[in-house]
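Below: one structure, written as structure tokens.
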Amino acid sequence: MSAVPPQNLIDEWTSVQASLKQQLVEGDTEEWQRAPDFKGLERVGGVDLSFIKGDDINACAQLVVLSFPELELLYEDCRMVTLSAPYVAGYLAFRETPCLLEALQRLERTQPALMPQVLFVDGNGVFHYREFGVACHLGVLSGLPCVGVAKNLLQVQGVVRSEEHLTQISELKKGGDSFPLKTASGRVLGRLSALPSALPRPRPPAPGPAQFGRQHQARVYVSVGHRISLDTAVRLTQRCCRYRVPEPIRQADIRSREYLRTHCPSAHTCG
DNA sequence: GCGACAG
DNA sequence: ATCTTGTCGC
């Protein structure tokens, strides 16, 4: 199905990452980022892609903008896209970034006043093999402050699922607890953060099938995408989480999935 | 050879 | 990413 890219393309991607990385800004650049309750922050965005079972090139690309701090829907854009690059760990941006940039451009063209002041991205930022994940990539190319939020651990630069890592996880007690993800050389690339318990959740606490796979705990890997500090990124993530993942990403996920359910010819034709 | 492999 | 969908506790 998905062809493995030739090494020369991987090499090119690697050098593009190194080149764009020079424009990466890792600290806070906005007033609201330093303000006690994020005063001045009014719009938070989220992006995601959803797929159909046997098809990994056609996808639904979704952008949502929510109000802050209410987290109510202000804008939504959904579009079927054809992806040109396969998924390769470490190069996710080359697969997902083009259609997400287009979604941002549509927003800029039609409703510029609704442009989000920060964008949550499904995937890592600097918590990456070459410290330039999809959240950095999209951040630099769009110019928007971005936060990378991953649900699964990417083992990079000596950050591994070791005994120590598992111990640190078990030591996350309260909602909002977190610990740094440190490189072998001591550099902090991100934080593993537990779901805060302060934000009101609509109905039941956390439903979930008990018999499929292991029950993921309510934690996410947060890292800097662009134009935000790690501390601010973690604080903001916690303020935007009703469930495990920040509401903008969750809404983008739900809505793109829903779109596929209703707009796609039933994907399971027998025969 | 073995394991890892964001989405 | 995609697929499983039951069942425990408030």
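Protein chains get the first letters and strands the later ones, always in sequence-line order, with residue 1 at the start of each. As a basis for the values below, the full set of heavy atoms in this structure was taken, side chains included, without hydrogen atoms, waters or symmetry mates.
Contacts of A:Gly90 with the nucleic acid, taken as non-hydrogen atoms under 4.0 Å apart, include base atoms. Among the atoms of the strands shown, only primed sugar atoms or phosphate atoms (P, OP1, OP2) are found under 4.0 Å from some heavy atom of A:Asp122. Counting non-hydrogen atoms under 4.0 angstrom, A:Val88 reaches nothing in the nucleic acid.
Read 5' to 3', the first and last nucleotides of DNA chain B with an atom closer than 4.0 Å to a heavy atom of chain A are B:dA4 to B:dG7.
Consecutive Watson-Crick or G-U pairs involving DNA chain B, each under 3.5 Å on both distances, never reach a stem of three or more pairs.
In the model, A:Asp11 has a side-chain atom that pairs as donor or acceptor with a side-chain atom of A:Gln7 under 3.5 Å. No hydrogens or angles considered: nothing links the side chains of A:Gln33 and A:Ser229 as a donor-acceptor pair under 3.5 Å. A donor and an acceptor atom, one from each side chain of A:Gln17 and A:Arg130, are located under 3.5 Å apart.
In this structure, A:Glu258 does not pair ionically with A:Arg255, as no charged nitrogen and carboxylate oxygen lie closer than 4.0 Å. Note on A:Arg187 versus A:Glu131: salt bridge recorded, some NZ/NE/NH1/NH2 to OD/OE distance being below 4.0 Å. The residues A:Asp231 and A:Arg235 are annotated as not salt-bridged, no charged nitrogen and carboxylate oxygen being separated by less than 4.0 angstrom. Here A:Asp48 does not pair with A:Arg250 in a salt bridge; the nearest charged N to carboxylate O distance is not below 4.0 Å.
A:His128 and A:Phe132 have their aromatic ring centers separated by at least 6.0 angstrom. Two rings, from A:His165 and A:Phe179, have their centers less than 6.0 Å apart.
Computed from coordinates, the A:Arg257 CZ to C:dT4 P distance equals 11 Å when rounded to whole Å. Rounded to an integer number of Å, the gap from CZ of A:Phe94 to P of C:dA1 is 21 Å. One atom, CD1 of A:Ile52, and another, C1' of C:dC3, lie 13 Å apart when rounded to the nearest Å. The interatomic distance linking A:Ile57 (CD1) with C:dT2 (P) rounds to 16 Å, in whole Å. Taking atom CG of residue A:Leu260 and atom C1' of nucleotide C:dC3, one finds them 14 Å apart after rounding to whole Å.
A donor-acceptor pair under 3.5 Å links the side-chain atoms of A:Asp55 to the main chain of A:Ile57, judged by distance alone.
At C:dA1, one or more side-chain N or O atoms of A:Lys151 fall inside 4.0 Å of OP1 or OP2 (strictly under the cut-off).
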Its dot-bracket string being built from Watson-Crick and G-U pairs below 3.5 Å, with | for another strand and [ ] for crossing, DNA chain C has the pattern ..........

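Ring geometry for A:Trp13 against A:Tyr91 counts as tilted: the plane angle lies between 30° and 60°, on a 0 to 90° scale.
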